[in-house]
Amino acid sequence: MMEKITVNYFKEAKANGKKITMLTAYDYPTAKLLDEAGIDSILVGDSLGMVVLGYEDTTKVTMEDMIHHIKAAARGTKKAMLIGDMPFLSYHTGKYESVKNAGRLVSEGGCKAIKLEGGKEVTEDIKAIINAGIPVMGHLGYTPQSINVFGGHKAQGKTYETAVKMYEDALQLQEAGVFSLVLECVPHKLADYISKRLDIPVIGIGSGNGCDGQVLVTPDILGLFRDFSPRHSRVFVEMGNAYEQAVKRYIEDVKSCVFPALENTFKIDEDIIRQLEKELH
Ligand code: KIV
């Protein structure tokens, strides 16, 4: 039987110095492809808001949006650990709401853990969610749901005070019980410093090679999201242009009657057509 990746795998990978790989997926075919390619973990991130739903940031993503897309990704995920993002204001409004919403992502959506953004201020919510039996992944550094507080997409932890705060927040999240922590757009030496001092694995995005694993947004690595290309990402295979070419060829072939060809059609007995022509004209 195929062994599923769980929180234990994250722990062992850190202990054995094995890098953890994570990518985002928001639908069945992408999750299936990532899973079959051997990714360790799939995140249904609230980046959904930008790369799939066309919002300018993540603050409009709802619980219903997340559940809908987690459900689809769950159907395509057999081995990887599926993690669902808690959307804006589905926590921060009291422990009861946090546990209830985390529970919905797991029981209705089908993910095996949730991720939420923030430091010390969310540790009580994290403890309550874990007490309800749901593993939690933390997220520090540039936390996209706070874009309006940061005043834009900016690296975080660049001053002594903010670096200390981030390190202390990371320790508090670990203490609260998170099984892993995402560090987004954190100077690579600070991310390395924090990763080396935590027992839990740190998954970096825009935070350098010293982290215990990496996560990226899948449409970014395929060149499929063309509104902007984040500096921290890399296009591993350019599929956006190929996609556009395919659509242009389709338009051309339909307009010039090259498509559909005979092999794309279905046959009927000639006598039936003759009979139709004779009887119905
Ligand atoms: O929403 C998301 O996709 C994320 C990752 C990029 C870490 O939070």
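Whatever order the structure lists ligands and atoms in, that order sets their numbers, starting from 1. Positions are given from 1, in the same order as the sequence printed here.
Side-chain atoms of N101 and Y91 form no donor-acceptor pair, as typed in the model, at a separation below 3.5 Å.
Residue pairs that meet the ring pair (Phe, Tyr, Trp, His ring centres under 6.0 Å) test with at least one member in residues 133-152, sequence neighbours left out, are Y142-F150, Y142-H153.
Among residues two or more places apart in sequence or in another chain, the side chain to side chain contact (heavy atoms under 4.5 Å, CB included) test is passed with A163 by L190. For Q174, there are no side chain to side chain donor-acceptor pair (under 3.5 Å) partners, not counting sequence neighbours.
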Kindly determine whether D35 and T77 satisfy side chain to side chain donor-acceptor pair (under 3.5 Å), including the steps that lead there.
-> CA-CA 6 Å; D35 197 63; T77 308; 5.2 Å; no

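In this structure, R249 does not pair ionically with E252, as no charged nitrogen and carboxylate oxygen lie closer than 4.0 Å.
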Please produce the table of protein N or O atoms sitting under 3.5 Å from N or O atoms belonging to ligand 1, one pair a line, distance to 0.1 Å.
from: ligand 1; atom 1: 1 (O); to: D46; atom 2: N; distance (Å): 3.1
from: ligand 1; atom 1: 1 (O); to: D46; atom 2: OD1; distance (Å): 3.1
from: ligand 1; atom 1: 1 (O); to: S47; atom 2: N; distance (Å): 3.0
from: ligand 1; atom 1: 1 (O); to: S47; atom 2: OG; distance (Å): 3.3
from: ligand 1; atom 1: 1 (O); to: D85; atom 2: OD2; distance (Å): 3.2
from: ligand 1; atom 1: 3 (O); to: S47; atom 2: OG; distance (Å): 2.5
from: ligand 1; atom 1: 8 (O); to: K115; atom 2: NZ; distance (Å): 2.9

